[in-house]
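Every chain is numbered from 1 and lettered A, B, ... according to where its sequence line falls, protein lines coming before strand lines.
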Protein chains: 2
Amino acid sequence: MSVTIKDVARAAGVSPSTVSRVITKHSTVNKLTAQKVRKIMEELEYHPNIIAQSLVSKSTSTIGVLFPKTAEQLYMNLFFIEVIRGIFSETTASMYDVLTTTGATIDEELQATMNLVRGKRVDGLILLQSRVNDPIIQFLQAEGFPFVLIGRHVQDDSLLSVDNDNVKACYDAVKHMVEQGHERIAFVNGPSDLVVCKDRQAGYEQGLKDAGLPIRDDYTLDGSQFSSFQAVSTFMSLPERPTALIVQDDLMCMDLIRTFKEMHIRVPEDMAMISFNKMSIGGLVNPTLSNIDIDIFQLGKTAVELLVKQIRSEKIEQCRWIVPHQILSRQSSVLGSS
Amino acid sequence: MSVTIKDVARAAGVSPSTVSRVITKHSTVNKLTAQKVRKIMEELEYHPNIIAQSLVSKSTSTIGVLFPKTAEQLYMNLFFIEVIRGIFSETTASMYDVLTTTGATIDEELQATMNLVRGKRVDGLILLQSRVNDPIIQFLQAEGFPFVLIGRHVQDDSLLSVDNDNVKACYDAVKHMVEQGHERIAFVNGPSDLVVCKDRQAGYEQGLKDAGLPIRDDYTLDGSQFSSFQAVSTFMSLPERPTALIVQDDLMCMDLIRTFKEMHIRVPEDMAMISFNKMSIGGLVNPTLSNIDIDIFQLGKTAVELLVKQIRSEKIEQCRWIVPHQILSRQSSVLGSS
DNA sequence: CTGAAAGCGCTTACAG
DNA sequence: CTGAAAGCGCTTACAG
């Protein structure tokens, strides 16, 4: 049915080996023969079978991306979109394809990963998330399979990873609020088994400490487990209401602002807010959102760069890459900034 | 290095053929031998090489998704996220992997598609967009390669496709505005070479006609070419300003609302608005966005279902599938609806 | 510079 | 039920 290397060889009056040589460009072929072969390839619309190439070359020009059960996991939704954009921009440039999988549970994720790796379907893998004691990381390490982690691994500093300095990022958010005169600063965090959330928690507490403010248990909430309404009521029913809020995600932040509005709590007058995961929408809403911009796009892009280097066994100068963050002051955290 | 079918065969004292038979489950194997082989496979942590399987079976258990140069194409951003969620939900269920590619230009997209198809890397393809005279569609048709179109093909009704009734959807949007008492209804559309935009334009005009309203050229704009500020000024400088706006996308709509606010034009009092591409954020902003909900998730999910059927040569009852839409009335288009 | 041969890891008629 | 053989489409030492 479809034309193979043999058809080309026959038509060109050479051996399959020679055709292969002009395809791979590794070895030298007589210029004229090469020309003839190329002409025939075009005439016959020959296109190498990548699967067959992979089988012998043992490489696929494909990298895998493991999506956390994204459908359910609204709470970091925007993060994934942006990171994917970064990944695509770099894979397109490096001529890699992207194979994606997911699983609804950790076990399914692990299963999916094993299928990709053991089935030799990808040359390397990007993990979008870092959990404490992540079985997937353990598997990949044991297998010696190339992968890059977006995030930080607690147990092992020698893993190839791209991350923000999340401790510092959240520290800076606290500092921003302190500079606005706030003393009661609360924090809506994500699931505590994610390293990124642990780090931000640490930065939050350090920030309070350095500002001479007390750390209060009732000022931290896992936002992934609460509706915005619950979160708001929890904070608002405290004897000492917070006056500033640091939130894990733009979407979550917008949801909180809406709820505040319904309760006639003004942002930023009664409650100053700043959130992570800067997205384009943050500038389109009212009030515009103050952000800790962690440059998610760059996170994805760098991850691919590192992975490709690792796959090609190029030298990598350092194994932990930090993408700088930036505080973006807008209306939701600064009085009279419209 | 990694364990192959031969290793298993040797360890189990059978031939590679037999091992293959217990893997594929097609043919009958003696229960006891099968058991023994399975045990050895586990002990050795054997996992079939999918690439090798693909080469002989000529199928990959992978479907391809062609992303339009998503990075640049902010204007339909939200659409893609949602459609991908739908695609993933169904591929996970059907045990297919998803291979993605993009290109920065149409030529690059075509090239990427040809690589996937001719390289035999995927069993079928999903196209996220339908252009007039799309060279990619022409290529796939010529090749006889399984694919599903999200959208509608103008020239050929026999293509397998999932779509909304976009004519009706936009017609309904006009009707909604007419029911609110509006007579000057403008339309911010997308690029006119997309079939979806053409269809909506037709629905828009038919809606006006049926309401006895004039069709005015200066009431339609290609929003993908204008900044929101330009769009707003264009409309606002008209001798007869529109009082209602139908917008192609939530994000674009939010951007317009922000610009209106800055110019002290109230939504919905001075300008009623409704947009396509319903996303979760639409309910989180102020005012909440009225939407024509086209159920993008379902669009993606159905596309996979159809493609899988086509790949497996199952019978498909009809080639055009229509996902129903729904008008969602919220604050941005209805007075006093808070 | 080029061809014949072996092999990548698997599957599948073909015999038995 | 099972094994030996051929083959999927390619690449790569090995000779020449």
Roughly how many Å is it from [atom1] in [X] to [atom2] in [N], rounded to a whole number?
{"X": "A:I5", "N": "D:dT12", "atom1": "CD1", "atom2": "P", "result": "11 Å"}
{"X": "B:K36", "N": "D:dT2", "atom1": "NZ", "atom2": "C1'", "result": "12 Å"}
{"X": "B:L55", "N": "D:dC8", "atom1": "CG", "atom2": "C1'", "result": "4 Å"}
{"X": "A:K58", "N": "D:dT12", "atom1": "NZ", "atom2": "P", "result": "12 Å"}
{"X": "A:R121", "N": "C:dC8", "atom1": "CZ", "atom2": "P", "result": "21 Å"}
{"X": "A:I23", "N": "D:dC10", "atom1": "CD1", "atom2": "P", "result": "7 Å"}

For a quick test of reading the model: is some side-chain N or O of [X] closer than 4.0 Å to OP1 or OP2 of [N]?
{"X": "A:S15", "N": "C:dG3", "answer": "yes"}
{"X": "B:T33", "N": "D:dT2", "answer": "yes"}
{"X": "B:T4", "N": "C:dC8", "answer": "no"}
{"X": "B:K120", "N": "D:dC8", "answer": "no"}
{"X": "B:Q53", "N": "C:dT11", "answer": "yes"}

The reported gap from CD1 in B:I87 to OG1 in B:T302 (rounded to nearest 0.5 angstrom) is 10.5 Å
Atom CD in A:Q141, atom OG in A:S158: separation rounded to 0.5 Å? 6.5 Å
Are the side chain of B:S20 and the backbone N or O of B:P16 linked by a donor-acceptor pair below 3.5 Å? no
Exam field: side chain A:T92 to backbone A:S89, donor-acceptor pair closer than 3.5 Å: no
Pick base, sugar-phosphate or nothing for [X], based on heavy-atom distances below 4.0 Å to the nucleic acid.
{"X": "A:S20", "result": "base"}
{"X": "A:V14", "result": "sugar-phosphate"}
{"X": "A:S54", "result": "nothing"}
{"X": "B:S57", "result": "nothing"}

Check this for me: does any side-chain nitrogen of one of [X] and [Y] sit under 4.0 Å from a carboxylate oxygen of the other?
{"X": "B:E82", "Y": "B:R85", "answer": "yes"}
{"X": "A:E42", "Y": "A:R38", "answer": "no"}
{"X": "A:K309", "Y": "A:E305", "answer": "no"}

Do B:N30 and B:Q35 have a side chain donor and acceptor closer than 3.5 Å? no
Using only heavy-atom distances, determine whether the side chains of B:D134 and B:Q129 contain a donor-acceptor pair under 3.5 Å. no
Suppose we screen for salt bridge (Lys or Arg N to Asp or Glu O under 4.0 Å). Which residues come up paired with A:R320, at least two apart in sequence or across chains? A:D163
Write out a two-atom table: protein N or O, nucleotide N or O from nucleotides 13-16 of chain D, distance below 3.5 Å.
unit_1 : atom_1 : unit_2 : atom_2 : d
D:dA13 : N6     : A:R21  : NH2    : 3.0

So what is the 5' to 3' dot-bracket string for DNA chain D, if pairs are Watson-Crick or G-U wobble with both distances under 3.5 Å, crossing pairs use [ ] and | means the partner sits on another strand? |||.||||||||.|||
Which sits closer to the 5' end of DNA chain C, A:P16 or A:K31, going by the nucleotide each is nearest to? A:K31
